[in-house]
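What follows is a single structure, written as structure tokens, with notes after it.
Sequence positions, counted from 1, serve as the residue numbers for this chain. Only a predicted model underlies this, so the values are computations on that prediction, with no experimental measurement involved. One-based numbering, in listed order, for ligands and for the atoms of each.
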Amino acid sequence: MQQLSDRINRLPVSETLAMAAKARELKAQGKDIISLSLGEPDFNTPDFIKDAAIQAINDNYNSYTPVDGYLELKEAICRKFKRDNNLTYTPDQVVVSTGAKQSIANVAMVLLNPGDDVLLPAPYWVSYSAISILAEANYIEIPSTIETDFKITPTQLEAAITPKTKLIFFNSPNNPSGTVYTESEYRALAEVLEKYPDIYILSDEIYEHINYGEPNFSFAAIPSMYNRTVTVNGVAKAFAMTGWRIGYIGAPAWIAKACTKMQGQITSGTNCIAQRATITAVDAPVSKIQYMVDEFHKRRDLVLSLLKDIKGMEANEPKGAFYVFPDISYYFGKTIHGITISNASDFSMFLLEKANVATVSGEAFGAPNNIRLSYAASTEELKEALRRIKEVLN
Ligand code: GLU
């Protein structure tokens with residue numbers, strides 16, 4: 001008898017990865033699928049980073065690394081935090097992991113007890129809720145809509161806090177909405193949290209550099225929040241290094257130490273070559289990756305203008321990241337080309353079947369009226385995808 005644990009049975013599949021796998025499978029069957037599902041830059045890793053990796057191989061970096069990462073890398077990350085975020089961290093406050101996803105899982109595992117409450121301003125990235133489930137915590141969504149540019153208010157935050165609240169996730173620029181919180185908005189939320197000293201904050205800043213003008217503000221830069229905030233970042237999105245799997249945290253030293261302990265029993269130190277290459281990446285001036293950000297910016301404008309021509313796909317203007325997150329609830333209850341659409345998953349499957357375009361349903365992001373389209377795809381693909389969507393809907 002195949003008897004899996006309750007833990008894995010409770011865990012939902014990652015919708016982003018599942019949709020990407022489905023698109024890949026259909027493509028392999030010969031279908032002309034355009035995948036706007038996965039949030040993954042379509043650029044190559046810049047040559048100066050690849051060169052650093054090749055150099056590391058030739059220099060025989062092949063042994064186990066310290067569990068929390070090479071000291072040289074942690075020092076480079078501290079320089080980056082100072083330069084980009086005005087955050088002072090020392091290497092004992094930094095842990096390097098196998099992607100920001102592992103960084104987040106470490107933090108959840110070391111902070112949460114079964115039955116603790118986790119606050120998730122919605123929409124939120126699919127794995128925040130799943131990782132909370134894995135940690136046997138309860139997650140509480142704080143809803144937001146296009147009308148407020150998908151931002152939560154201090155009043156909403158305070159109303160969601162319970163005696164069991166232990167952790168809140170912030171993510172700016174946000175996946176999936178592209179929303180960027182301003183410094184004053186973050187300070188207003190911090191004022192509420194100041195009254196609740198037992199709540200910790202995970203600030204996921206992985207899209208920091210994919211930003212179209214709104215200055216990035218790190219939550220831990222608020223002095224009263226510094227000792228309670230874990231800042232998560234990585235190189236996947238900004239440096240087109242998704243497959244290299246490097247994420248990291250800056251955190252109070254006691255949390256960093258616990259994450260290292262956790263990681264020491266699960267994965268050990270992450271890949272040695274990727275770590276060496278990441279020293280070069282995080283030390284590089286941001287100007288070296290600006291060409292990718294400029295390109296994403298153009299694509300955002302293209303997708304927004306094409307969406308305007310499609311009925312019932314109202315979107316906010318994303319200020320960062322590389323997703324648009326239109327509200328498609330206009331289609332709920334309608335039957336199109338013989339398919340009845342009752343929810344966002346139906347709509348997403350409809351687009352896959354009838355337009356050959358892969359998207360991700362908003363349900364897994366805590367926003368059941370929306371779908372996510374990633375515009376980390378070529379201009380040609382984006383134009384064709386939006387043309388197909390328009391054709392099947394209009
Ligand atoms: N974070 C990206 C996304 O949301 C990559 C897939 C994942 O890990 O969820 O699409």
If the condition is ring pair (Phe, Tyr, Trp, His ring centres under 6.0 Å), which residues does F296 pass it with, not counting sequence neighbours?
F43, F322
Region of F365 that comes within reach of ligand 1 [heavy atoms, distance under 4.0 Å]:
neither
I need the single residue from E191, R187, E194 that forms a side-chain hydrogen bond (donor to acceptor under 3.5 Å, both in side chains) with S224. Which is it?
E194
For atom 4 (O) of ligand 1, which of the options E15, E40, R372, K101 provides the nearest non-hydrogen atom?
R372
Taking only heavy atoms of Y323 into account, list the atoms of ligand 1 that are under 4.0 Å away from them.
2 (C), 3 (C), 4 (O), 10 (O)
Taking only Lys NZ, Arg NE, NH1 and NH2, and the carboxylate oxygens of Asp or Glu, determine whether K383 and E380 approach each other closer than 4.0 Å.
no
Step through it carefully: locate the ring centre of F332, locate the ring centre of F347, and say whether they are under 6.0 Å apart.
no
Of all the atoms in ligand 1, which lie at a distance below 4.0 Å from a heavy atom belonging to G39?
2 (C), 3 (C), 5 (C), 10 (O)
I'd like to know if K261 pairs up with D68 as an ion pair, taking the criterion as any Lys NZ or Arg NE/NH1/NH2 lying under 4.0 Å from an Asp or Glu carboxylate oxygen.
no
Taking non-hydrogen atoms only, is N175 closer than 4.0 angstrom to ligand 1 via side chain, backbone, both or neither?
side chain
Write out the residue and atom name of the closest protein heavy atom to atom 2 (C) of ligand 1, then the distance separating them to 0.1 Å.
K237 NZ, 3.2 Å
Would you please name every residue forming a side chain to side chain contact (heavy atoms under 4.5 Å, CB included) with T280, sequence neighbours left out?
F48, A52
Nearest protein heavy atom to atom 7 (C) of ligand 1, by residue and atom, and its distance?
T16 OG1, 3.4 Å
Of the backbone atoms (N, CA, C, O) and the side-chain heavy atoms from C-beta on, which set of L17 has a member under 4.0 Å from an atom of ligand 1: side chain, backbone, both, or neither?
side chain
